[in-house]
Each structure stands twice: as C-alpha cells, then as structure tokens.
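What follows is a single structure, written as structure tokens, with notes after it.
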Amino acid sequence: MIVVMQQHCNDEAIEHVMSFLKDHGLSGHLSQGVERTIIGVLGAVGPSGTRTTAGGVNPAIGEALEGMPCVEQVIAVSKPYKLASREFHPANTIVEIPAPCTSEGVVRIGDAVVMMAGPCTVESEKQLMTTAEAVRKEGAVVLRGGAFKPSTSPYGFRGMGEEGLKLLAKASKEFGLAVITEVMTPTDVEMVCEYADILQIGTRNMQNYMLLDEVGRVEKPVLLKRGMSATIEEWLLAAEYVLSQGNPNVILCERGIRTFERTTRNTMDISAIPVIKRLSHLPIIADPSQGTGHRDLVSAMSLASIAAGADGLLVEVHPNPDEALKDGAQSLTLDQFKSLMPQVQSVSAAIGRKLITG
Ligand code: PEP
Ligand code: MN
C-alpha cells in the first residue's frame, strides 16, 4: 500500500500517518520527492529483523488513512516488491558514483548511458593496468574486474582476493575510473567497500539473502545481477532485500538466463530490459559477456541492449583473451572494444541518449 500525501503537506501530517502505521504493527517508508511525498506501507519489522509482508493489510486501515489530514490518495501496490516498484516510486532512480575522469567528476547511472569495462578477473598488475588504460582511452568510466570470483568448478581460478582489490584501487587512481567488483560473502562487504565504488552481487548470489541484507546496510551502490534461473519477480524481490535495509542505490544487471539453448552460454533476455523499466524505477544495465559467452556476439547484444533501453553495459575486455585465466572466450580484445564504443555512442544517440565518456 502507498499513501500519497498532498503536495504541500506539513511534517505533522506525515508524523500522524507514520505513528498510525506503527500503532497498527506496520512501518512507513517515507519518500519525499520534488513533486510529491509518498509513504510506502511495509510489514512490521519482526523480532529477527525481518519484515513481514504488508500485502494483507486490512482494508479498514487503508480507509482510515484516506481520511487523514493531507492524505491525497491511498494506492494498493499490487506487487510483492514495494520499494522496487514503479508504483511506489514513479521517477527513475539515478545512482551517482564518483568518476574523476568525467568532466563533472561523477557518473549518474540511470541518466546518461554508461560503459563499465575491464577484465573478468584481475590476474596481474600488468593485465589490469593495460586494460584500464585502454578502456579509459576509449571512453569507459567504470573499471570492472573480479578479485573474489565465484567459480562453478572448485578447480577454477578463484581470484586474487584483497591483492586484486588493491590493484583495482591503483588502476582507479591512475586513470580516474570508478571501480565495480564482486563481493561474495557478508564478512567481506566491509573490506570490499574500502576499494570499490559499486558492489557487484553475482548471479549465483542473487538469492543469498544474508549477503543482500549486508549490502543493504552500507552506503555503496549495489549492482544486482539477475540469477541465472530467476524470474523477473524473484530478481526484484532480491532488490527489495537491499532496498528494505535502507540502501536505495541498486542497479539491476541482465546477464542472460539459462534456457535449453546451448549455442550461447546463456540466453540474453533483452525483453527483461523494457519489462524492468515498466515495473521498476531502478536503473538496469546489460552484461552481454556472460550473456553470450562468445566475444563475437558481444557487440550485437551490446547494441541491442542499449536500443532496448539499458542504462549501460558491463563488458569484459582482456589484452590477450586467449591467455585469460577466466572467461577468455567472451572477452573482447582491446581492438574490438575500440570498435564497439563508437557504435554504442551511435545507438545511444539514435534513441536520444548520451553516452557518458571519460
Ligand atoms: C562476472 O561478471 O564475471 C560474473 C561472474 O558474472 P555472473 O555473476 O553474471 O556470472
Ligand atoms: Mn566473467
């Protein structure tokens, strides 16, 4: 349920609604936008810190709220996710991150189109620096690179850990790029926050609820990948975990889903992009590298994603993909990345959007 307040409502009226909700075992989530003030009605916080759903709110409560001073309207939110829904928050969420290489010094994800690029995994200082320099030169503003790698096989490369984070911080400082990197466990969140501008939650952890709670309690933006077998509703409910802990800066990432098709590593669900735009206010970016598994398919899926309304791309790039320790087959060469950028710029311009470049 959402309570829409009148445009010039006073603090007293807001307080009145909030305490009424509290008295009825519910909690209010206040969102004061430029145009209107809305209060999202959520289930109460239970003894274990979890929220019970407000889905079954007694209709009499809605009626009582409607009669309160300065309440314009009470809208039932039909979705199980509330804070993530567009019904709750009609305007697009813009996630701002520092990016010294840009003219404004920040990137607003959800506004202009953003390119995040770099190796799948940080392998060495030379590999990372070479890649960072090359992607920066072509206009990327966020450097990607995994230091903690989820590996399907226990014998696969698991990443350099904190050493890798230090290298990312070094590259960030040298080239003015923001950094996105994956965090896999709640106990690593604090450490990863010291080095990263965006915390990546990988596909395998989309339903790791303890991890979602933990990244919901920090201030760093979170990029939440879609689980490889997750429905859009499950994905938005995972985002709801982060939002309901108080972190409003969630970016969704479509990275392909598992289907019967084996020609590609995953099936890029391009339609998820406009569906998310309709259902949610959160920015969405696309990862055509995990999405296809083949570097010769990455450009086409990058352009298709931007045309479908994605707010940016997360692309794997490697100076020598054939020797990559992870995901070489889907990593673009530096030359391929160079050719991709002007194409992304053209498609962005064709749909009236600007590609932010460093
Ligand atoms: C990655 O970005 O390298 C990665 C492991 O992604 P995903 O979690 O989508 O598989
Ligand atoms: Mn990868």
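Because the structure is a prediction, the values reported are computed rather than measured. The residues of the chain are indexed from 1 along the displayed sequence.
Side chains of Thr130 and Leu334 form a contact here, defined as non-hydrogen atoms less than 4.5 Å apart. For the pair Met129 and Phe175, the minimum side-chain heavy-atom distance is below 4.5 Å. Looking at heavy atoms from C-beta onward, Leu237 lies in side-chain contact with Pro80 at the 4.5 angstrom threshold. A 4.5 Å side-chain heavy-atom check between Ile39 and Leu21 finds at least one atom pair inside the cut-off.
Checked against a 6.0 Å centroid threshold, the rings of His24 and Phe20 count as neighbours.
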Test side-chain contact (heavy atoms from CB on, under 4.5 Å) applied to Asn205 and Val183, step by step: CA-CA 9 Å; Asn205 274 319; Val183 59; over 6 Å; no

Evaluation steps, salt bridge (Lys or Arg N to Asp or Glu O under 4.0 Å), between Lys225 and Glu182: CA-CA 10 Å; Lys225 293 229 182 168; Glu182 180 160 354; over 6 Å; no

Chi angles and distances behind the side-chain contact (heavy atoms from CB on, under 4.5 Å) call for Glu125, Lys170: CA-CA 9 Å; Glu125 178 160 355; Lys170 187 169 180 197; 2.5 Å; yes

CA sep, side-chain torsions, deciding dist, call: Arg265, Asp327, side-chain contact (heavy atoms from CB on, under 4.5 Å): CA-CA 11 Å; Arg265 181 178 178 190; Asp327 288 351; 3.2 Å; yes

Steps toward side-chain contact (heavy atoms from CB on, under 4.5 Å) verdict (Ile2, Lys82): CA-CA 9 Å; Ile2 297 170; Lys82 312 275 174 215; over 6 Å; no

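Checking each of Thr131, Thr357, Leu177 against Arg136 for a side chain to side chain contact (heavy atoms under 4.5 Å, CB included) leaves exactly one that passes, namely Leu177. Remark: of the listed residues Leu313, Ile251, Val113, Val142, Ile251 is the sole one forming a side chain to side chain contact (heavy atoms under 4.5 Å, CB included) with Ile285.
Within the model, atoms CD1 of Ile198 and CE of Met116 stand 4.0 Å from one another, a figure rounded to the nearest 0.5 Å. How far CG of Leu314 is from OG of Ser302: 10.0 Å, rounded to the nearest 0.5 Å. Residue Leu168 holds its CG atom at 10.5 Å from OH of Tyr195, rounded to the nearest 0.5 Å. In this structure, the separation between CD on Glu323 and CD on Glu123 is 9.5 Å, given to the nearest 0.5 Å. Distance OG1/Thr267 to CZ/Arg262: 7.5 Å, rounded to 0.5 Å.
Linking Ile, Leu, Val, Met, Phe, Trp and Tyr whenever their side-chain heavy atoms come within less than 4.5 Å puts Leu224 and Leu83 in one cluster. A chain of hydrophobic side-chain contacts below 4.5 Å, direct or via other Ile, Leu, Val, Met, Phe, Trp or Tyr residues, connects Val179 to Met191. Clustering ILVMFWY residues whenever any of their side-chain heavy atoms sit less than 4.5 angstrom apart, transitively, puts Ile180 in a cluster other than the one holding Leu165. The cluster map of Ile, Leu, Val, Met, Phe, Trp and Tyr, joined by side-chain heavy atoms under 4.5 Å apart, puts Phe157 and Met184 in the same cluster. Residues Val242 and Ile97 do not share a hydrophobic cluster, defined by chaining ILVMFWY side chains whose heavy atoms lie under 4.5 Å apart.
Across all non-hydrogen atoms, the minimal contact from Gly146 to Thr181 is CA-OG1, 3.9 Å. The shortest heavy-atom contact between Asp197 and Pro98 is OD1-CG, 3.8 Å. Closest heavy-atom contact between Lys326 and Lys149: CD-CE, 3.8 Å. Across Asp287 and Cys253, no two heavy atoms sit closer than the pair CB-SG, 3.7 Å. Here the closest non-hydrogen pair linking Val71 and Val3 is CG1-CG1, 3.8 Å. Across all non-hydrogen atoms, the minimal contact from Thr264 to Leu297 is CG2-CD1, 3.7 Å.
Judged purely by distance below 3.5 Å, without hydrogens or angles, the side chains of Glu316 and Gln290 pair a donor atom with an acceptor atom. Side-chain contact, Glu261 with Thr263: a donor N or O sits under 3.5 Å from an acceptor N or O.
For residues 100-117, every residue pair satisfying the side chain to side chain donor-acceptor pair (under 3.5 Å) rule, not counting sequence neighbours, is listed here: Glu96-Arg108, Glu104-Arg108.
Note on ring orientation: taking the six-membered ring where Trp is involved, the planes of Phe88 and His29 are perpendicular (angle over 60°, cut-offs 30° and 60°).
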